Amino acid sequence: EMQPDADRPMSEPYPLQLLGGITQELTTRGYSVLLTAIQSMGSGLALAADGVILLGQGAHDNAVHEVANCGLPYVVWGAEHGQADCIVVGSDNRSGGVCVADRFLALGRRRLVFLGDTSHAEVDQRWNGFQERLHAAHQSSLNLIPSAFTFGAGFAAIQAHLAHCDTPPDGLFAASDLLAMGAVRAFSDAGLAVPDSVSVIGYDDSPTAQTFAPPLSSVHQDWRHGGVLLACKVLDLIEGRPAQSEIMPTNLVVRAT
């Protein structure tokens, strides 16, 4: 289940790598996979399923609440959020934010910006880890909220910020690689060289981050293994076995930005 977006299609690395892991595990264990959008959860076909894997929690966990109301066993890709009956698989988002802050501090960057919508639990955890580590070092950062998780939204948010700020940032942490790449383009258009004038770090370590020009530094999360874990846990619930949330480690991959 995911919310489709014309600028963030299902053919992007997220969710294709998650789906690859999910499909591999479920089909080898005799189950079929139906890919649908959250709006279709009330249909007879979706409700006839044995269980649900939700890819993303939605703003303010709206998608989680909608799936929970269906009464089917379900697991969620995202961030743990204190609901004991909700099984979550995700990455250590807080640690990801911490490692980005450490990188900027080591580089001597001081005018820092976080680009991400913190109404989403995963993004909020990235922001919290980032700012907590900065505060411990007596530094601070500004949070810019983009209109979507897309290249265009990242470009527009940074372009608007540069048009109104007195001093441009020298470090930017984006909540996704697409946002980061849009930001790099906006900085370049404004004559700010990356990474000489401003360092940019994304989140996901997607294949496009590796081939972007310049290659994008990014926090790595293992989507394919996450998909396998999601499938295993929903099958545990369907077949009456206990299941627990699982959070995978993250690490910063330093490239050219």
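All values reported here derive from a predicted model rather than from experimental measurement. Throughout, numbering of the chain's residues begins at 1 and tracks the sequence.
Residues I158 and L144 have side chains in contact (heavy-atom distance under 4.5 Å, counting atoms from C-beta outward). Looking only at side-chain heavy atoms (C-beta outward), H65 and H60 stay at 4.5 Å or farther from each other. When side chains are defined from C-beta on, L162 counts as touching F187, because their heavy atoms get closer than 4.5 Å. Between V234 and V52, every side-chain heavy-atom pair lies at or beyond the 4.5 Å cut-off. Side-chain contact between R94 and E132: present, with at least one pair of heavy atoms (C-beta onward) separated by less than 4.5 Å. In this structure, the side chains of I53 and V76 stay at 4.5 Å or more apart for every pair of heavy atoms. Side-chain contact between P207 and Q17 is present, with at least one heavy-atom pair separated by less than 4.5 Å. Residues L230 and L55 meet the side-chain proximity criterion, which asks for heavy atoms closer than 4.5 Å.
In terms of hydrophobic clustering, with Ile, Leu, Val, Met, Phe, Trp and Tyr side chains grouped at heavy-atom distances under 4.5 Å, I238 and V89 are assigned to a common cluster. If you chain together hydrophobic residues whose side chains sit under 4.5 Å apart, V198 and F151 fall into the same group. L112 and V98 are assigned to two separate hydrophobic clusters, defined by single-linkage of ILVMFWY side chains at heavy-atom distances under 4.5 Å. Linking ILVMFWY residues whenever their side-chain heavy atoms come closer than 4.5 Å, directly or via other members, leaves Y74 and V228 in distinct clusters. Following chains of ILVMFWY side-chain contacts shorter than 4.5 Å, one cannot reach L178 starting from F155, and the two form parts of different hydrophobic clusters.
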**OP:** Check step by step if side chain to side chain contact (heavy atoms under 4.5 Å, CB included) holds for T250 and D222.
**Re:** CA-CA 8 Å; T250 52; D222 191 341; over 6 Å; no
**OP:** Evaluate side chain to side chain contact (heavy atoms under 4.5 Å, CB included) for D50 paired with L72, printing each intermediate quantity in order.
**Re:** CA-CA 7 Å; D50 297 297; L72 294 169; over 6 Å; no
**OP:** Kindly indicate, with the supporting measurements, whether the criterion side chain to side chain contact (heavy atoms under 4.5 Å, CB included) is fulfilled by R29 and C232.
**Re:** CA-CA 10 Å; R29 293 171 66 172; C232 289; 3.9 Å; yes
**OP:** Go through the steps to decide whether L179 and T150 satisfy the test side chain to side chain contact (heavy atoms under 4.5 Å, CB included), and finish with yes or no.
**Re:** CA-CA 6 Å; L179 287 171; T150 63; 5.7 Å; no
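Between the side chain of S245 and the backbone N or O of V88 there is at least one donor-acceptor pair closer than 3.5 Å. Checked by atom type and distance alone, the side chain of N93 pairs as donor or acceptor with a backbone atom of S91 at under 3.5 Å. When atom types are taken as modelled, the side chain of D117 and the backbone of I145 share no donor-acceptor pair closer than 3.5 angstrom. Although no hydrogens or angles enter the test, the distance criterion places no donor-acceptor pair under 3.5 Å between the side chain of N69 and the main chain of E66. Between the side chain of T28 and the backbone N or O of E25, at least one donor-acceptor pair lies under 3.5 Å. Side-chain atoms of T257 do not come within 3.5 Å of backbone N or O of I201 as any donor-acceptor pair. Formation of a donor-acceptor pair under 3.5 Å by the D177 side chain with backbone atoms of Y203 is found in this model. Checking side-chain atoms of Q57 against main-chain N and O of A79 turns up a donor-acceptor pair under 3.5 Å. The backbone N or O of S95 sits less than 3.5 Å from a side-chain atom of D92, completing a donor-acceptor pair.
Not counting sequence neighbours, the partners of S197 by the side chain to side chain contact (heavy atoms under 4.5 Å, CB included) test are L192, A193. Looking at residues two or more places apart in sequence or on another chain, you find a ring pair (Phe, Tyr, Trp, His ring centres under 6.0 Å) between H120 and F149.
Rounded to the nearest 0.5 Å, atoms CG (L134) and OG (S141) are 5.0 Å apart. Rounded to the nearest 0.5 angstrom, D205 CG and R255 CZ are separated by 4.5 Å. R224 contributes atom CZ, which lies 12.5 Å from atom CG of L229 (distance to the nearest 0.5 angstrom). With rounding to the nearest 0.5 Å, the separation of CZ in R103 from OG in S217 is 6.5 Å. Put simply, CD on E122 and CG on D124 are 11.0 Å apart, with the number rounded to the nearest 0.5 Å. Atom CD of Q131 is separated from atom CG of L142 by 11.0 Å, given to the nearest 0.5 angstrom.
W127 and F130 have tilted rings, their planes meeting at an angle from 30° to 60° on a 0 to 90° scale.
In terms of heavy atoms, Q210 sits closest to P215 at O-CB, 3.8 Å. Residues E246 and K233 come closest through the heavy atom pair OE1-NZ, 3.2 Å. Considering all non-hydrogen atoms of both residues, C99 and G96 come closest at SG-O, 3.0 Å. Here the shortest heavy-atom pairing between V184 and P214 reads CG1-CD, 4.4 Å. Across all non-hydrogen atoms, the minimal contact from H135 to Q139 is CD2-O, 3.2 Å. When every heavy atom of A137 is checked against every heavy atom of L105, the shortest pair comes out as CB-CD1, 3.7 Å.
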Which pairs would a plain distance check flag for residues 163-175, meaning a side-chain donor or acceptor within less than 3.5 Å of a matching protein atom at least two apart in sequence or in another chain?
unit_1	atom_1	unit_2	atom_2	d
H164	ND1	A160	O	2.8
D170	OD1	R110	N	3.1
D170	OD1	R111	N	2.9
D170	OD2	R110	N	3.2

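Of the N and O atoms on the side chains of S176 and D204, not one donor lies less than 3.5 Å from an acceptor on the other residue.
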